[in-house]
Peer 1: 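Could you have a look at this structure, given as structure tokens, before my questions?
Remember, predicted model here, so these are calculated numbers, not experimental data. Note that ligands are numbered from 1 as they come in the structure, with each ligand's atoms numbered from 1 the same way.
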Amino acid sequence: MVYKARSSSLTFAMPNTDLLARSHAAVWHPCTQMKRHETLPLVPIQRGQGAWLYDFDGNRYLDAVSSWWVNLFGHCNPRINAAITDQLGKLEHVMLAGFTHEPAVRLSERLAQIAPAGLGHCFYASDGASATEIALKMSAHYWRNSGHADKTQFISLQNSYHGETLGALSVTDVALFKDAYGALVKQNATVPSPDWRNAEAGERAEDFALRCAAQLEAHLQQHHEHIAAFIVEPLVQGAAGMAMHHPIYLRRARKLCDEYKVHLIADEIAVGMGRTGTMFACEQAAITPDFLLLSKGITGGYLPLSVVMTTDNIYQAFYADEVARGFLHSHSYTGNPLACRAALATLDIFAQDNALHTNRAKAAYFNGIAEPLRAHPAVRNWRNTGMIWAFEIEHTHADFAQRCFALGLQNELLLRPMGNTVYFMPPYIIGEAEMQLLAERTLKIVEMLA
Ligand SMILES: *Cc1c(COP(=O)(O)O)cnc(C)c1O
């Protein structure tokens, strides 16, 4: 089936197929080979409720990936809806240069209260990649303001993902992106990932993490004079296929960065906001990074917002009479009041519902009922951190990810495997019946594909 643009007179006919055709013609979808949608149709969504998405034909899909890892407390959440509606009647937006507003101030204060100690300054943007850009620029500019203009290089982990704008791509280690855009991007070094799937047989995750930290140390020893910052996804490298590592790696990295005068940037865009079981992944290593990046879940999955939190030491290096010593960065929608209110409402829900505590019980429940799936002979490397689960499937299909996605839809599941890695990252409001459905249907799909 090849979609063709239709004339506007057909706009109101058949909302489902018509919407598909118009979307295919007019909307260029993200990170997508559009031609593939000739055979695998787009899924038109009419509405969302809780953990479910509904199409126009009355089919439902359990959002097991939280709509690209952003949703925390369900679609169409009444408390977040109410906060945004309230804000809408007061102030939808004002520029944050020269002006300020209550939602941005309150959000900054509350984030500083709950984040690892010492991150008292919030710089806002609208998406995750921009937060990465800001942290990289701020780090290098700090060193320049401090008399170390040579520190302009960055290091990241193998298989890292920090966003897809050009600066963020320079610390993103994805072969597909490197092939297509490498010539446009500054070359930065990567160091071995503590991803425990790469440990030697019989080697503990902790020992493997220490071995990788020793390789980080060797790299820093040799190159620290030119390195501004080391950027890392703490505990779980999401786009690497939910690669998990032992927190001791972060503790060692913090110490080494201090020793070699290199900033540590914790990209918690995916893992922050309770995803790993603590509010921030860094807590599990008891460290404070120099920069903490948040986005995705920060507004509960409602509105684009990102924030770079940093220390007073870094803030003070920019605080001067000269404009050029100040941090030179802005976006039109920096600190949008509606997005900040959605974030404040999200933090309220964490507190009111004791969400981190409830999530621990939910994770334990899911691990129990998912035992038959974990034990399936085709399932490899079963792993879980907080509200993230992942495993690889032994298979022989070249188009595994696409087939699994399609089978998921047929079984009321929104799954989006990465290569042969299947993962679950459900909204925190997922209930027991929904978890059962997720475990049972996924097992059924594994049996069909293995
Ligand atoms: C999603 C993600 C980003 C990029 O965020 P966008 O809002 O998609 O630009 C950066 N880092 C990590 C770890 C992410 O998961």
Side-chain angles (χ1 to χ4, degrees), residues 28-32 65-72 123-139 154-174 176-177 181 185 188 190 193-195 229-245 249-250 253 264-276 280-282 289 291-309 329 331-336 339 342-343 346 385-388 390 416-419 421 423-425:
W28 198 335
H29 291 263
C31 234
T32 297
V65 302
S66 293
S67 289
W68 255 357
W69 322 347
V70 300
N71 194 287
L72 301 189
F123 194 100
Y124 290 96
S126 312
D127 50 55
S130 301
T132 298
E133 302 283 342
I134 289 163
L136 299 181
K137 276 175 70 179
M138 214 180 248
S139 172
F154 302 100
I155 49 177
S156 65
L157 292 180
Q158 273 164 9
N159 301 321
S160 57
Y161 179 94
H162 298 289
E164 295 173 37
T165 54
L166 292 181
L169 277 180
S170 79
V171 288
T172 289
D173 185 31
V174 175
L176 191 65
F177 299 160
Y181 306 117
V185 169
N188 284 307
T190 57
S193 164
D195 171 2
F230 173 40
I231 183 166
V232 60
E233 297 160 82
L235 297 187
V236 184
Q237 291 181 270
M242 303 299 160
M244 298 182 186
H245 59 253
Y249 183 81
L250 303 169
L264 180 63
I265 303 173
D267 177 352
E268 296 218 18
I269 289 166
V271 296
M273 308 306 291
R275 199 38 93 171
T276 63
F280 305 104
C282 283
F291 301 93
L292 179 72
L293 317 187
L294 301 174
S295 187
K296 290 207 165 92
I298 194 171
T299 63
Y302 266 68
L303 288 161
L305 181 73
S306 62
V307 57
V308 176
M309 302 183 70
H329 194 97
H331 295 284
S332 310
Y333 283 99
T334 295
N336 173 261
T346 300
T385 299
M387 291 295 276
I388 307 172
R416 249 184 93 97
M418 298 183 275
T421 302
Y423 71 91
F424 308 132
M425 210 151 150

Peer 1: Using a 4.0 Å cut-off to any heavy atom of K296, which atoms of ligand 1 qualify?
Peer 2: 1 (C), 2 (C), 3 (C), 14 (C), 15 (O)
Peer 1: Quick check on contacts: which atoms of ligand 1 are under 4.0 angstrom from a heavy atom of W69?
Peer 2: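 Within the 4.0 Å cut-off of W69, ligand 1 contributes 15 (O).
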Peer 1: Between D127 and S130, what is the shortest heavy-atom contact and its length?
Peer 2: OD1-OG, 2.7 Å
Peer 1: So how far is it from T190 OG1 to Q158 CD, rounded to the nearest 0.5 Å?
Peer 2: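 It comes to 4.5 Å.
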Peer 1: For A270, counting its heavy atoms only, list the atoms of ligand 1 lying under 4.0 Å from any of them.
Peer 2: 15 (O)
Peer 1: To the nearest 0.5 angstrom, please state how far the CG atom of L235 sits from the NE2 atom of H245.
Peer 2: 5.0 Å
Peer 1: Would you kindly specify which portion of I269 sits under 4.0 Å from ligand 1, judged on non-hydrogen atoms: side chain, backbone, both or neither?
Peer 2: side chain
Peer 1: Looking only at protein heavy atoms, which one is nearest to atom 13 (C) of ligand 1, and how far off is it?
Peer 2: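 Looking at atom 13 (C) of ligand 1, the protein heavy atom closest to it is D267 OD2, 3.3 Å.
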Peer 1: Are W68 and ligand 1 in contact, using a heavy-atom cut-off of under 4.0 Å?
Peer 2: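 No, W68 has no heavy atoms under 4.0 Å from ligand 1.
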Peer 1: Determine whether the side chain, the backbone, both or neither of E233 has a heavy atom under 4.0 Å from any heavy atom of ligand 1.
Peer 2: side chain
Peer 1: When rounded to the nearest 0.5 angstrom, what distance separates CG in N188 from CG in D173?
Peer 2: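 Reported to 0.5 Å precision, the distance equals 11.0 Å.
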Peer 1: Between L169 and V185, does the side-chain contact (heavy atoms from CB on, under 4.5 Å) criterion hold? Intermediate values first, please.
Peer 2: CA-CA 7 Å; L169 277 180; V185 169; 4.0 Å; yes
Peer 1: Any non-hydrogen side-chain atom of M242 less than 4.5 Å from a side-chain atom of M425?
Peer 2: yes
Peer 1: Any protein heavy atom lying closer than 4.0 Å to atom 9 (O) of ligand 1?
Peer 2: yes
Peer 1: Can you list the atoms of ligand 1 that are under 4.0 Å from a heavy atom of G163?
Peer 2: 4 (C), 10 (C)
Peer 1: Parallel, tilted or perpendicular for Y161 and F177, by the 30°/60° rule?
Peer 2: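 Tilted, since the angle between the ring planes falls between 30° and 60°.
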Peer 1: Please state which part of E164 comes within less than 4.0 Å of ligand 1, counting heavy atoms only: side chain, backbone, both or neither.
Peer 2: neither
Peer 1: Is G128 close to ligand 1, meaning an N/O of one under 3.5 Å from an N/O of the other?
Peer 2: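 Yes, at least one N or O pair falls under 3.5 Å.
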Peer 1: Mark yes when over 12 heavy atoms from residues, nucleotides or ligands other than Y181 sit less than 6.0 Å from its OH; otherwise mark no.
Peer 2: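 Result for OH/Y181: open.
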Peer 1: Look at atom 4 (C) of ligand 1 and say which protein heavy atom is nearest, naming residue and atom and giving the distance to 0.1 Å.
Peer 2: A129 N, 3.6 Å
Peer 1: Hey, is the main chain of V271 close enough, under 3.5 Å, to the side chain of E233 for a donor-acceptor pair?
Peer 2: no
Peer 1: Suppose I only count heavy atoms of H162 and a 4.0 Å limit; which atoms of ligand 1 are within that range?
Peer 2: 10 (C), 11 (N)
